[in-house]
Engineer: 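Here's a structure for you.
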Amino acid sequence: MSKRKKSSRSNVGKSIGHPSLSSVLLSLLSLVTSIVTNLLSLLTCSLDWFKMMSLENEVLSKKEARVKNKRSKLMAEYNLVCKTDEPTNKKVKFDDNEKKGLNEEEFKKLKKELAERKRMLLQLPRFNLNSTCGIQSSIHDTDYSTRTPLLFSDIQHLLTYAYGGNELVLPPSRWCTLQKPNRLAQIIVLVVDGLGLNEFIHNEEHFPLTMDIFGSQKDTNNRAIIEFLSPHWYGMRLESELMSWSVINKKDLPDNPQGFDQVLKQLSTVFPIDLENVQEQTPPKEDTFPRNSLILSLAKLIQESYPLPIPANSTTREVKHFVPSCDKYNPVGLGSKMYSIDCEMCEAENNNQALTKIAIVDEGLNVVYETFVKPKERIIDYRTRWSGVTKEMIDPVCTTVEDVQSRVREIVAQAPDCIFIGQSLNCDLQAIRMTHPYVIDTSVIFNLTGVEGRKSKLKHLCWNLMNEDIQRTGPQILGHCPVEDARAAMKLVLMKLAKGFSFGNELKNVNQNNTVISFDPVLIKTSLKQKKLDKNVLVISQEEMAESETKGSDKYNIKYMLAPSNRQTVKALKENCFEHFMSIGFYKIKKEVLEADTPRCISKFDKRIDKIYSHMLSNSLLLLVCSRQDNSESRESRNNGVCFIKIKSSEVQRRARLDN
């Protein structure tokens with residue numbers, strides 16, 4: 001019995017047994033692995049948490065730095081605006097004291113004050129030269145070799161816009177911008193006869209007060225000193241030309257513009273035109289209006305980049321290498337001959353446009369001259385697709401540009417008052433390297449789009465106006481034909497002369513608000529005293545005005561005053577400028593007085609300008625228009641005029657700057 005119990009117990013022990021060493025080790029290893037994994041996970045989470053916290057702290061610190069920097073800059077900008085009275089978006093600099101920053105309440109208060117101040121400053125009148133014609137005419141911004149003088153009509157345009165704003169004309173955007181002209185407190189214009197550009201340049205050190213007003217540095221903000229072509233060039237007095245500045249009647253725009261004399265006078269400033277040699281001419285029966293009214297004015301020639309013999313004209317720097325079509329021209333008349341010109345060009349080395357073919361057609365559509373031309377430069381691209389010229393055509397040619405110039409001069413010599421016609425003729429004249437005063441450009445006188453400045457192609461003009469298809473393409477047609485294009489341009493001009501001045505012009509010179517789009521004396525009938533306006537004008541002259549000039553002046557808010565001397569003129573301006581929106585005074589510097597003691601004469605003039613400026617109201621416009629009669633026969637040595645422009649600021653103490 002005992003033996004059985006022992007055996008059963010031994011069997012039970014064997015069945016239960018003890019764990020082996022391998023199993024224990026495996027269990028222990030799995031436990032350790034689990035613990036290590038958990039520790040790594042915990043460590044990773046901790047690292048992520050620390051990284052997130054550090055990143056959050058960094059973001060907060062950067063944000064605080066940006067806010068602090070923004071507040072400091074805001075305070076610096078506020079101080080800058082207060083000091084200069086100029087709203088600016090430029091990057092400002094601030095000192096260490098300003099870097100300390102502002103608290104939240106001070107920041108909000110300063111931000112509100114700055115916004116209000118900027119809003120106030122943006123409502124004030126502001127003047128600036130634009131980056132093209134304005135800067136190019138600036139005395140201190142452009143060297144003489146690249147300076148382009150403005151026309152006197154540009155100054156008239158500015159004066160007109162300052163006087164009436166958009167009520168009369170669109171802004172003089174060709175050369176400047178004048179913002180908020182209706183906020184001008186007053187306009188003072190001093191016309192100085194006897195002081196030109198040469199006198200100013202050679203004696204600039206004697207103008208300390210004037211230069212402080214109008215600025216000697218490259219600062220065109222609310223001030224400018226510009227060069228302009230003097231009316232003395234075409235035999236007109238500065239005073240009479242200024243008093244003929246026109247305010248435009250928006251409703252009465254002439255369908256048949258008159259007054260080509262003004263355009264002719266302007267052209268005579270740069271071209272040798274014998275104004276005395278006027279010949280009576282009978283206009284053709286087919287013409288319904290004077291053909292000379294289609295000729296581009298000097299301002300339009302400059303705008304369209306025509307080559308002009310203007311000294312130091314940056315748009316025509318190589319004009320000294322150009323050949324005039326005639327040594328002396330006659331005034332263009334009602335029956336002057338017309339020649340249509342078209343040229344084909346190729347691309348030569350140095351990115352030059354070289355002449356390869358030319359055609360000239362008369363009014364009878366007869367070919368007067370046609371020839372291939374061999375360029376001196378190496379040809380890179382013949383542009384056969386458009387020019388129709390190939391290498392095989394040019395190789396045997398011996399005709400040069402000089403030969404073309406000689407032939408054109410022969411044609412013009414037979415009719416010194418002839419008119420050149422063409423589509424964008426400036427490119428053709430650049431190609432043949434010649435200048436000519438009388439030009440009718442079909443891309444300018446026609447407008448099918450109704451949008452100013454958007455030109456129509458010659459092909460489209462012919463198809464829409466004459467129902468003719470030119471410049472056709474096809475496998476058998478090689479490029480354009482200059483004879484065909486020249487005839488097409490001539491036919492378009494003849495059709496316009498026969499059908500009326502507004503034919504082919506959807507622009508009609510007037511926009512939807514009946515405001516004249518461009519300032520052109522040819523298109524203007526009324527003068528200042530012929531238009532009744534609410535703003536009164538004072539004219540102070542040193543000579544008695546003719547009865548015809550002063551008749552009805554009270555009716556048109558114009559008052560004339562006699563001031564026999566320069567001192568009395570300045571005194572009258574100071575005493576009466578507050579009662580008139582515009583005051584115009586005439587100041588004369590005699591040649592013998594200036595030459596006898598130049599420093600003393602200029603110093604006296606300089607002090608009087610300072611007195612006028614000191615008596616002006618804030619936000620007022622001051623114009624000094626200076627010119628001198630010059631009888632020099634050399635066009636390059638003639639004395640141009642100089643115009644000083646300034647809008648008086650309200651808070652800048654100029655005298656304090658002078659004392660410092």
Engineer: I need the minimum non-hydrogen distance between P416 and K328, along with the two atoms involved.
Structural biologist: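 Smallest heavy-atom distance, with atoms named: CB-O, 3.9 Å.
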Engineer: Using a 3.5 Å distance criterion without hydrogens, assess whether the side chain of N330 forms a donor-acceptor pair with backbone atoms of D274.
Structural biologist: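 No, N330 side chain to D274 backbone: no donor-acceptor pair under 3.5 Å.
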Engineer: Evaluate F207 against F214 for ring pair (Phe, Tyr, Trp, His ring centres under 6.0 Å), listing each step before the verdict.
Structural biologist: CA-CA 10 Å; F207 291 90; F214 297 96; over 10 Å; no
Engineer: Answer yes or no: is there a side-chain heavy-atom contact under 4.5 Å between N182 and K180?
Structural biologist: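 They are in contact (side-chain heavy atoms under 4.5 Å apart), so the answer is yes.
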Engineer: Looking at Q542 and F586, would you say the former's side chain and the latter's main chain have a donor-acceptor pair under 3.5 Å?
Structural biologist: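 Side chain of Q542 to backbone of F586, a donor-acceptor pair under 3.5 Å: yes, one is there.
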Engineer: Closest approach of S620 and L184, non-hydrogen atoms and distance?
Structural biologist: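 Nearest heavy atoms, S620 then L184: C-CD2, 4.4 Å.
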Engineer: Find out whether F322 and R433 are in side-chain contact, i.e. whether some heavy atom of one side chain is under 4.5 Å from a heavy atom of the other.
Structural biologist: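 In contact.
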Engineer: What pair of heavy atoms forms the shortest contact from I589 to L195, and how long is it?
Structural biologist: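 Where I589 meets L195 most closely, the heavy atoms are CD1-CB, 4.1 Å.
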Engineer: Does K571 have more than 12 heavy atoms from other residues, nucleotides or ligands lying within 6.0 Å of its NZ?
Structural biologist: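 Open: at most 12 neighbouring heavy atoms sit under 6.0 Å from NZ of K571.
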Engineer: Is there a side-chain contact between I584 and I187 (heavy atoms, below 4.5 Å)?
Structural biologist: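 I584 does not reach I187 side chain to side chain.
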Engineer: Determine, stepwise, if the pair E595 / R628 fulfils salt bridge (charged side-chain N to carboxylate O under 4.0 Å, His left out).
Structural biologist: CA-CA 13 Å; E595 293 178 350; R628 182 179 181 181; 3.6 Å; yes
Engineer: In the structure I gave you, are the side-chain heavy atoms of I645 and L621 within less than 4.5 Å of one another anywhere?
Structural biologist: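 SC-SC contact between I645 and L621 confirmed.
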Engineer: Taking the side chain as everything from C-beta on, heavy atoms only, tell me whether F271 gets closer than 4.5 Å to L308.
Structural biologist: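 A side-chain contact exists here, since the closest heavy-atom pair is under 4.5 Å.
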Engineer: Could you tell me if the side chain of I540 sits less than 4.5 Å from the side chain of Y587, heavy atoms only?
Structural biologist: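 No; the side chains remain at least 4.5 Å from each other.
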Engineer: With distance as the sole test, does S541 use its side chain to make a donor-acceptor pair with the main-chain N or O of L562 at under 3.5 Å?
Structural biologist: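 Pair absent, no side-chain N/O of S541 close to backbone of L562.
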Engineer: Among S627, C626, S230, P149, which residue satisfies the side-chain contact (heavy atoms from CB on, under 4.5 Å) criterion with V642?
Structural biologist: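 Testing each of S627, C626, S230, P149 against V642, the sole residue satisfying side-chain contact (heavy atoms from CB on, under 4.5 Å) is C626.
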Engineer: Run the side chain to side chain contact (heavy atoms under 4.5 Å, CB included) check on F228 and D154 step by step: do they pass?
Structural biologist: CA-CA 9 Å; F228 68 91; D154 290 321; over 6 Å; no
Engineer: Between Q266 and V263 (side chain of the first, backbone of the second, donor and acceptor by atom type, cut-off under 3.5 Å), is there such a pair?
Structural biologist: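 Looks like no, no N/O pair under 3.5 Å.
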Engineer: Under 4.5 Å between any side-chain heavy atoms of N292 and Y438, yes or no?
Structural biologist: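 They are not in contact (no side-chain heavy atoms under 4.5 Å apart), so the answer is no.
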Engineer: Is the F644 ring parallel, tilted or perpendicular to the F200 ring (thresholds 30°, 60°)?
Structural biologist: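 Perpendicular, since the angle between the ring planes exceeds 60°.
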Engineer: Does L209 offer a backbone N or O that forms a donor-acceptor pair with the side chain of D606 under 3.5 Å?
Structural biologist: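 Side chain of D606 to backbone of L209: a pair is present.
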Engineer: With no hydrogens and no angle check, do the side chains of N640 and E227 hold a donor and an acceptor under 3.5 Å apart?
Structural biologist: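 Yes, side-chain donor-acceptor contact under 3.5 Å.
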Engineer: Please answer whether the main-chain N or O of S173 pairs with a side-chain N or O of N130 as donor and acceptor at a distance below 3.5 Å.
Structural biologist: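 Yes, because the side chain of N130 sits within donor-acceptor range (under 3.5 Å) of the backbone of S173.
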Engineer: Show the numbers, then the answer: is there a side chain to side chain contact (heavy atoms under 4.5 Å, CB included) between E304 and L425?
Structural biologist: CA-CA 9 Å; E304 297 295 330; L425 192 60; over 6 Å; no
Engineer: Please check: side-chain N/O of K648 versus main-chain N/O of M616, any donor-acceptor pairing under 3.5 Å?
Structural biologist: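 At least one qualifying donor-acceptor pair exists.
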Engineer: N536 side chain to E579 main-chain N or O, any donor-acceptor pair under 3.5 Å?
Structural biologist: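 Yes.
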Engineer: Tell me whether S603 contacts the main-chain N or O of R600 through its side chain, where contact means a donor paired with an acceptor under 3.5 Å.
Structural biologist: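 Side chain of S603 to backbone of R600, a donor-acceptor pair under 3.5 Å: no, none is there.
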Engineer: I want to check something: taking the side chain as every heavy atom from C-beta on, are W175 and L129 in contact at a cut-off of under 4.5 Å?
Structural biologist: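 Yes. Closest side-chain heavy atoms under 4.5 Å.
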Engineer: In sequence, state the C-alpha distance, the side-chain angles, and the governing distance for H436 and Y329, and then conclude on ring pair (Phe, Tyr, Trp, His ring centres under 6.0 Å).
Structural biologist: CA-CA 9 Å; H436 189 75; Y329 302 93; 5.6 Å; yes
Engineer: Assess whether atom CD of E205 is packed by more than 12 heavy atoms of other residues, nucleotides or ligands within 6.0 Å.
Structural biologist: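 Correct, the count exceeds 12.
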Engineer: Would you check if there is a donor-acceptor pair between the side chains of Q179 and N128 at a distance under 3.5 Å?
Structural biologist: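 No - no donor-acceptor pair under 3.5 Å links their side chains.
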Engineer: What pair of heavy atoms forms the shortest contact from L151 to L298, and how long is it?
Structural biologist: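 Distance-wise, the nearest heavy atoms are CD2-CD2, 3.2 Å.
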Engineer: Would the distance check show the side chain of N222 and the main-chain N or O of F127 forming a donor-acceptor pair, the cut-off being under 3.5 Å?
Structural biologist: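 Yes: the side chain of N222 pairs with the backbone of F127.
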